[in-house]
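Below is one structure, written out as structure tokens; comments come after it.
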Amino acid sequence: MVFVLFNTLTQRKEEFTLPAGRDVLYYTCGPTVHDYAHIGNFRTFVVQDVLKRWLEAGGHRVKHIMNITDVDEKTIERAARKKIPLASLTEKYEKVFFEDLDCLNIKRAESYPRVSDNIDKIAEMVAGLYEKGHAIRDKAGSYYFDINTFPDFGRLSGKTPHRKIRALMQREDYRAPKNFLLWKRCESDHGIKCFESQLGRGLPGWHIECASLATSFLGPTIDIHSGGLDLTFPHHENEIAEAEAYTGRRFARFWVHVEHLDVFGRKMSKSLGNFFTLRQIIKRGYDPRAIRFLYLQTHYRSKIAFDFNKLDDAQRAVFILDEVVNSLAEVEKYGANDYTDEIAKFKSGFSESMDDDLGTDRAATLFIVFLRDVNRVLVDKQLSNTAVKNIGDTINWAIDVFGLLEGCESQQ
RNA sequence: GCCAGGGUAGCCUAGGAGCGAGGCGGCAGACUGCAGAUCUGCUCUACAUGAGUGCGACUCUCAUCCCUGGCUCCA
């Protein structure tokens, strides 16, 4: 069986291969812990979780690293506004984030390195880029990546580094029109968090933290790097430039980007104010598994137009699942139907869909249909002893791939 | 402007050259103390427009119209 995955870098589906016996090196961009994450954010994390589960179901071991951004403008601003220490803000929302992950039954990564714990590594990378001539330093002591020294810049996002980039990069972070921030010098500490490092007192740029954490925890070349679609540019584009300029090696083999979840016709986002948190959804009485299932009912490269009718549908599917699982456990009278063909057909159809660029949408449909059919034959009491056992195993297999075990109770 | 993705019965979606679309909703029935869930049956029988290539297109090609999203913060 061949697993193919769409690679943003090449804009096409490619077979996912790996030298025998090696772990899959998997890096996903984690949250900035300044607030509750919303259900749009969690779509990405759930898809990434299912990707990991499918790789594992295929016999791979996956070494997964996800960063925690606990130092950046947003966290610093927010802590300052609330007049609380930065750490107490980020600790709170980091805890909340992990609770939500558990609630959604998202498997834990191998490690969740915090930016604040890895300043030295990041500073070292910046210093290295400077030595190699890929960075420029201004009079104040801030460092910027010089994209003129990286000819491949723009390849991932398909943007050419000419007029477009120039137009895009006008913020103050981009000292010269084409460059982006690596390390921001900060002198005083009045309410602002600054770190001591070999570069002096300052704060790391956003892109360099992922480039640094990914390469230092997983090595110069990772197999899969994933994030939300909106990270393609500039975040991932910049990461590639930093990492490849620094290591001289290819940074990531596969880039996997997850589409957005829309609501009221717009991308769900904090700045638009049109978001729901996981907690709000649960408070309305929904099973977290319903949200998971809702995510998986749409292919990860398509937008989901979120609405509560769809969530109701997904909730219903989860009920049917529970119903069938319970009924299977209570079967007392057996028939002669081994159900062999139906089980085999479902398993191969499900696998085939998943192998084709993680087709959870088709797999989900097949799963529902399978459950309905099983439910029907259960009523007729036709199933044999073996059938009941095999169906149970098959359902558990699908539950495991989709991660539909109950994470948290519908507590608020 | 650039890039991407769409237009499928009341709504939401899947499809792929020929074969009964699926779910929701609606209607009826079974089950049930009621309700929900579940089960059965019924309802509805669609693919933006124009042209082209096919024996044959909703499905391929080329146009056209319309819609949506992204593009220096963002999963």
Side-chain angles (χ1 to χ4, degrees), chain A residues 8 11 28-32 34-35 37-49 66-67 69 72-74 77 97 100 154 156-160 162-174 177-181 206-207 226-238 256-262 264-272 275 285 294-295 297-324 326-327 353 359 361-366 368-369 371-380:
Chain A
T8 308
Q11 289 292 312
T28 58
C29 290
T32 301
H34 69 290
D35 200 348
H38 58 65
I39 57 170
N41 301 126
F42 283 117
R43 177 188 186 183
T44 299
F45 301 136
V46 166
V47 167
Q48 291 168 340
D49 181 52
M66 176 186 254
N67 68 299
T69 301
D72 78 327
E73 280 175 32
K74 254 183 269 174
E77 249 172 50
F97 177 68
D100 287 351
L156 179 73
S157 55
K159 294 181 195 302
T160 49
H162 306 303
R163 56 184 189 286
K164 248 176 261 172
I165 301 272
R166 193 183 311 246
L168 290 171
M169 294 185 164
Q170 295 292 350
R171 294 183 68 230
E172 68 166 285
D173 282 0
Y174 300 83
K178 291 182 181 177
N179 302 321
F180 58 89
L181 182 78
W206 176 38
H207 319 297
S226 172
L229 188 72
D230 47 6
L231 296 186
T232 312
F233 183 88
H235 185 55
H236 290 157
E237 196 71 76
N238 292 355
V256 175
H257 290 104
V258 183
E259 249 292 4
H260 293 302
L261 182 143
D262 287 3
F264 308 135
R266 302 296 302 278
K267 180 172 80 166
M268 182 174 285
S269 83
K270 288 279 164 51
S271 48
L272 293 169
F275 62 91
L294 168 75
Y295 293 146
Q297 280 184 298
T298 301
H299 186 80
Y300 76 92
R301 288 193 287 121
S302 299
K303 283 191 253 287
I304 297 177
F306 176 82
D307 73 60
F308 282 99
N309 290 334
K310 286 182 188 172
L311 191 53
D312 289 336
D313 285 359
Q315 176 99 307
R316 213 166 282 129
V318 171
F319 277 140
I320 294 172
L321 173 62
D322 287 342
E323 184 99 356
V324 171
N326 291 335
S327 305
S353 304
D361 51 333
R362 277 167 293 146
T365 303
L366 291 173
I368 297 174
V369 170
L371 290 169
R372 284 174 161 279
D373 291 345
V374 167
N375 208 359
R376 210 163 318 191
V377 287
L378 271 172
V379 170
D380 297 340

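Below, chains carry the letters A, B, ... as their sequence lines are ordered, and counting in each starts from 1.
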Describe the nucleic acid contact of [X] in one word from base, sugar-phosphate, nothing, applying a heavy-atom distance below 4.0 Å.
X	result
S271(A)	base
R362(A)	sugar-phosphate
G40(A)	base
K267(A)	base

Which base, if any, makes a Watson-Crick or G-U wobble pair with [N], both distances under 3.5 Å?
N	answer
C65(B)	G7(B)
U32(B)	none
C47(B)	none
C19(B)	none
U53(B)	none
A14(B)	none
C27(B)	G41(B)
C2(B)	G70(B)

Write down the distance between [atom1] ([X]) and [atom2] ([N]), rounded to a whole number of angstrom.
X	N	atom1	atom2	result
I320(A)	C39(B)	CD1	C1'	11 Å
D361(A)	G5(B)	CG	P	16 Å
E259(A)	U68(B)	CD	P	16 Å
R376(A)	C31(B)	CZ	C1'	16 Å
H257(A)	C3(B)	NE2	C1'	15 Å
I368(A)	U13(B)	CD1	C1'	11 Å
I304(A)	G5(B)	CD1	C1'	15 Å
H260(A)	G5(B)	NE2	P	15 Å

**Prompt:** Would you call the rings of H235(A) and W206(A) parallel, tilted or perpendicular if under 30° counts as parallel and over 60° as perpendicular?
**Reply:**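 It falls in the parallel class, under 30°.
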For the [atom1] atoms, the ones on [N] and on [M], what distance do you get once it is rounded to whole angstrom?
N	M	atom1	value
G5(B)	A48(B)	C1'	16 Å
U8(B)	G41(B)	P	29 Å
C11(B)	C47(B)	P	13 Å
G18(B)	C31(B)	C1'	43 Å
U49(B)	C73(B)	C1'	40 Å
C12(B)	C65(B)	P	25 Å
A17(B)	U59(B)	P	12 Å
C19(B)	G56(B)	C1'	13 Å

**Asked** Does N309(A) put a side-chain nitrogen or oxygen below 4.0 Å from OP1 or OP2 of C24(B)?
**Response**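 No, no such contact exists.
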**Asked** Are any of R266(A)'s side-chain N or O atoms less than 4.0 Å away from OP1 or OP2 of G69(B)?
**Response**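 Checking R266(A) against G69(B): at least one side-chain N or O falls below 4.0 Å of OP1 or OP2.
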**Complete:** Sorted by position of nearest nucleotide on RNA chain B, 5' first, the leading residue of A317(A) and D307(A) is D307(A)
**Request:** Take V369(A) and S157(A), find for each the nucleotide of RNA chain B with the closest heavy atom, and name the residue whose nucleotide sits nearer the 5' end.
**Result:** S157(A)
Polar side-chain atom of [X] near backbone of [Y] as donor-acceptor pair, under 3.5 Å:
X	Y	answer
K310(A)	L294(A)	no
Y300(A)	R43(A)	no
D100(A)	F97(A)	no
S226(A)	V256(A)	yes

Residue [X], side-chain heavy atoms: nucleotide from [options] that is nearest:
X	options	answer
R316(A)	A75(B), G23(B), A37(B)	A37(B)
K310(A)	A75(B), C12(B), A37(B)	C12(B)
F319(A)	A37(B), G15(B), C24(B)	A37(B)
N41(A)	C73(B), U38(B), A75(B)	A75(B)

**Message:** Can you tell whether the side chains of D313(A) and R316(A) come within less than 4.0 Å, N to carboxylate O?
**Reply:**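 Here D313(A) pairs with R316(A) in a salt bridge, since their nearest N and O are under 4.0 Å apart.
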**Closest non-hydrogen atom pair, S353(A) against A363(A)** =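 For S353(A) versus A363(A), the nearest heavy atoms are CB-N, 3.9 Å.
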**Non-hydrogen atoms of E237(A) and G154(A) that approach each other most closely** =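 Scanning both residues completely, I find the closest heavy atoms to be OE2-N, 3.1 Å.
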